Number of protein chains: 2
Amino acid sequence: MSVTIRDVARASGVHISTVSRTFSAPHLVNPNTRSRVLACAEQLGYRPNRAARALITGRTYNIGLIVADIANPFFPPLIKAAESQARKHDHHIFVADTNEDPAVEEEVVRALAKQVDGVLLCSPRMSNTLIEQLSREVPLVVVNRQITGIPAVVMDVAQGARLAIEHLTARGHREIALLSGPRGSWTSREIRRSATATARAGHAELTVIGPNPPTETGGLTVAEEVLRAGATAVLAYNDLMAIGLIEGLLSAGARVPEDVSVIGIDDIMLSRLTRPKLTTVATPTAAAGRAAVDMLLAHGDDRRSTAHLHLQTELVIRDSTGPGPGPHSPADPGGVTVPGGVAS
Amino acid sequence: MSVTIRDVARASGVHISTVSRTFSAPHLVNPNTRSRVLACAEQLGYRPNRAARALITGRTYNIGLIVADIANPFFPPLIKAAESQARKHDHHIFVADTNEDPAVEEEVVRALAKQVDGVLLCSPRMSNTLIEQLSREVPLVVVNRQITGIPAVVMDVAQGARLAIEHLTARGHREIALLSGPRGSWTSREIRRSATATARAGHAELTVIGPNPPTETGGLTVAEEVLRAGATAVLAYNDLMAIGLIEGLLSAGARVPEDVSVIGIDDIMLSRLTRPKLTTVATPTAAAGRAAVDMLLAHGDDRRSTAHLHLQTELVIRDSTGPGPGPHSPADPGGVTVPGGVAS
DNA sequence: GACAGTTGTGCAACCGCTTGCATTAATTGT
DNA sequence: ACAATTAATGCAAGCGGTTGCACAACTGTC
């Protein structure tokens, strides 16, 4: 079928082991021999078979990337960055979509385990225990989840939620609704925890609505409930829900931001293009993808790296938030973004 | 390290070949033995190593999926559908992003060739000759491109472009601009061919602007040029460009659709959420992803399938198109969508 | 000119699994 | 009751590579 190391060996008159070394340990082979072998290989169009190599070396040069929903606009930039970074290190990426189903997550990790050097688990929905167990079967890096002993890249949504709620209370909002995300989401718990604390500190009432599916529809369907709760401002689990919510509010006759202010999280590309433009907490998605890959690849070097990398978020103020009925804080920044950065 | 066929053999007191057959040819092993082996395997957590198996069978149960830009909202639904369909058939998917670069496309196909059963090339930018050559090294299915002898799934954008232009001429537009896509895009050529012919038949003038990068920016930056050309209607290569164009037109003081009508292609999720909502040609992206995978997997059965599957498109009329200065055709449908379907 | 060190290559086992063939035991036909 | 099938299993080669070890053939040293 395809050209193997043996063909190259025959063509260049050396033993297969010499050909092998030409590619995987060039310094061990005589420069003359080496160039002859390379020439033959080139001419025959030889490419080492990675699967065969992996069988004996244990390194596959593949990475698994598992996300809840490829079509959720939050993920593509992450996937793209991860793929690009992986390929920079000569690795390829398996992508799997779990449809938010923890059982599928487990199955896919196991199915992939043998043919990857490690797996990136993005916003996983499974239990901590299961993740810990899986991490004994295959190197794991988790994105947007904190588990002791598991290397992780997390976006600091708690900080983001704090900035968002502070922005709202500073502008006089006292009745705030929080649209929580899907069950099992660590991010959603973090947001809730931080938003609750911040609201209390700002003397505002926080009503939690959810859990909800993290989609446009998830936001659309709770618009009524938001209005009934009498909230003048809403923080949504993500931009998609925020956008859906705005649709729902508008078609229920409420104005955004005059009657209700809405803040999303993620700053997906879409959020700049809707009307009103969405105020949102920007998360460094691409950076997270790159960092997660780097972490996974470094994993081999220092045994059992267990670092948690925190990426800061920032509030991007656009047109979906306005003043509320209460008194404004004089310290309210009229500015556009509250900056963050990258820290570890 | 991990549990192999040998461990299972030892535990169940049979030869490794029996264990192997238990999984890959169960009818050849005695039911009693089989269940004993299965029990041991289960208990040890055995999972066949696909790479090792592939080495001898030649079937990897992997598929390569190559796209120009994962972050382009056109692709995620396709990737998602393909991944889902692949996994239904117990296959996994490698995803690679080429950044619209033909050289990267070639390199990635070659790099992946050995570890996949086939490659899906989505909207490739390389030459026909190269694609033909690559298809001799690894089974290929091409999406959105027609090449004799290469199995393909194509969305009928020519039909879509025709519907779009007809819609415009019927509503009295006589000066129409076409924003073409990136160089090397078959889709772009098809659109241009069809739009030109249809415009001529409708006694309208068609100005081609481009090639342009298939992004929001690509549309944004040509807004001036569109106005200068005096066009009252524009068909863009894709929705992203159409949305960018609308942004550009609005901020240049033009109204959409009162001054300029805009039609996109693809009907990405975003297009329903912008203001004005975008009139667009809906392409069956998910169906294409599924069909391409099916075609690739069927490829093994009937040697060298060479079928071209055409998926129909439909015009979705929303708010970004309005009447033009010329006379309306009485036959202009006030309706919402011009239906299509699926045909081969 | 014998001795220890390099350097470059070949040999063969092995990674985890499949599969053609040989072997043995059980079943069938007559 | 015995040859001929048939069913179940074992044996070993091999898929395409890697790698520890042995073995030259050269260096340079005294």
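Lettering follows sequence order; numbering is per chain, from 1. Just so it is clear, the structure is predicted and the values come from calculations on it, not from any experiment.
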Undergrad: Whole angstroms only, please: what is the CD1-P distance between B:Ile5 and C:dC17?
TA: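 Interatomic distance, CD1 of B:Ile5 to P of C:dC17: 5 Å.
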Undergrad: Measure across A:Ala307 and A:Met295 and return the closest heavy-atom pair with its distance rounded to 0.1 Å.
TA: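 In this case the closest contact between A:Ala307 and A:Met295 is O-CE, 3.8 Å.
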Undergrad: With side chains defined as the heavy atoms from C-beta onward, is the minimum distance between A:Arg50 and A:Asp90 less than 4.5 Å?
TA: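 In contact.
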Undergrad: From CZ of A:Arg59 over to P of D:dT18, roughly how many Å is that when rounded to an integer?
TA: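 Taking CZ of A:Arg59 and P of D:dT18, I get 14 Å after rounding.
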Undergrad: Please report the closest heavy-atom contact between B:Leu140 and B:Val109, naming both atoms and the distance.
TA: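 Scanning both residues, the minimum pair turns out to be CD1-CG1, 4.5 Å.
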Undergrad: Check whether B:Phe23 forms a cation-pi arrangement with B:Arg21 (NZ or CZ under 6.0 Å from the six-membered ring centre, at most 45° off the ring normal).
TA: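 B:Arg21 over B:Phe23 ring: no.
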Undergrad: Polar pairs (N or O, both sides) under 3.5 Å between protein and nucleotides 9-13 of chain D?
TA:
| residue | atom | partner | partner atom | Å |
| --- | --- | --- | --- | --- |
| D:dT9 | OP1 | B:Thr33 | OG1 | 2.3 |
| D:dT9 | OP2 | B:Asn30 | N | 2.9 |
| D:dT9 | OP2 | B:Thr33 | OG1 | 3.4 |
| D:dG10 | OP2 | B:His15 | N | 2.7 |
| D:dG10 | OP2 | B:Thr18 | OG1 | 2.8 |
| D:dG10 | N7 | B:Arg21 | NH2 | 2.9 |
| D:dG10 | O6 | B:Arg21 | NH2 | 3.3 |
| D:dC11 | N4 | B:Ser17 | OG | 3.4 |

Undergrad: B:Arg50 has an atom CZ; how far is it from atom P of C:dT18, in whole Å?
TA: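 Going from CZ in B:Arg50 over to P in C:dT18 covers 11 Å.
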Undergrad: Provide, to the nearest angstrom, the distance between the CG atom belonging to B:Asn49 and the C1' atom belonging to C:dT18.
TA: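 That distance rounds to 13 Å.
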Undergrad: What does B:Arg47 touch in the nucleic acid at a heavy-atom separation under 4.0 angstrom: a base, only the sugar-phosphate, or nothing?
TA: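 Contact class for B:Arg47: sugar-phosphate only.
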Undergrad: Heavy atoms only, 4.0 Å cut-off, all strands: where does B:Ser20 land among base, sugar-phosphate and nothing?
TA: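 Contact class for B:Ser20: base.
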Undergrad: Touch check for B:Arg6, heavy atoms < 4.0 angstrom, all strands: base, sugar-phosphate only, or nothing?
TA: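 Base contact - B:Arg6 has a heavy atom under 4.0 Å of at least one base atom.
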Undergrad: Donor-acceptor pairs are to be reported for all side-chain atoms of residues 66-74 of chain A against protein atoms at under 3.5 Å, with residues two or more places apart or in another chain.
TA:
| residue | atom | partner | partner atom | Å |
| --- | --- | --- | --- | --- |
| A:Asp69 | OD1 | A:Ala71 | N | 3.0 |
| A:Asp69 | OD1 | B:Lys80 | NZ | 2.7 |
| A:Asn72 | OD1 | A:Phe74 | N | 3.0 |

Undergrad: What class does the angle between the rings of A:Tyr61 and A:His91 fall in, given that below 30° is parallel, 30 to 60° is tilted and above 60° is perpendicular?
TA: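 Ring orientation, 0 to 90° scale: tilted.
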Undergrad: Students often get this wrong, so: under 4.0 angstrom with heavy atoms, is B:Tyr46 touching a base, only sugar-phosphate, or nothing?
TA: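 The residue B:Tyr46 makes sugar-phosphate contact but no base contact.
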Undergrad: Rounded to the nearest Å, what distance is computed from the CG atom of residue B:Leu55 to the C1' atom of nucleotide D:dT18?
TA: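 For the pair B:Leu55 CG and D:dT18 C1', the rounded distance is 13 Å.
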Undergrad: Rounded to whole Å, please give me the gap between NE2 in A:His27 and P in C:dT7.
TA: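 Atom NE2 in A:His27 sits about 11 Å away from atom P in C:dT7.
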Undergrad: Would a distance-only check, ignoring hydrogens and angles, find a side-chain to backbone donor-acceptor pair under 3.5 Å from A:Arg87 to B:Asp97?
TA: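 Yes, because the side chain of A:Arg87 sits within donor-acceptor range (under 3.5 Å) of the backbone of B:Asp97.
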Undergrad: Rounded to the nearest angstrom, tell me the gap between atom CZ in B:Phe23 and atom C1' in C:dC17.
TA: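 The distance from CZ of B:Phe23 to C1' of C:dC17 comes to 12 Å, rounded to the nearest Å.
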Undergrad: Rounded to whole angstroms, how far apart are NZ on A:Lys114 and C1' on C:dC17?
TA: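 About 12 Å, once rounded to whole Å.
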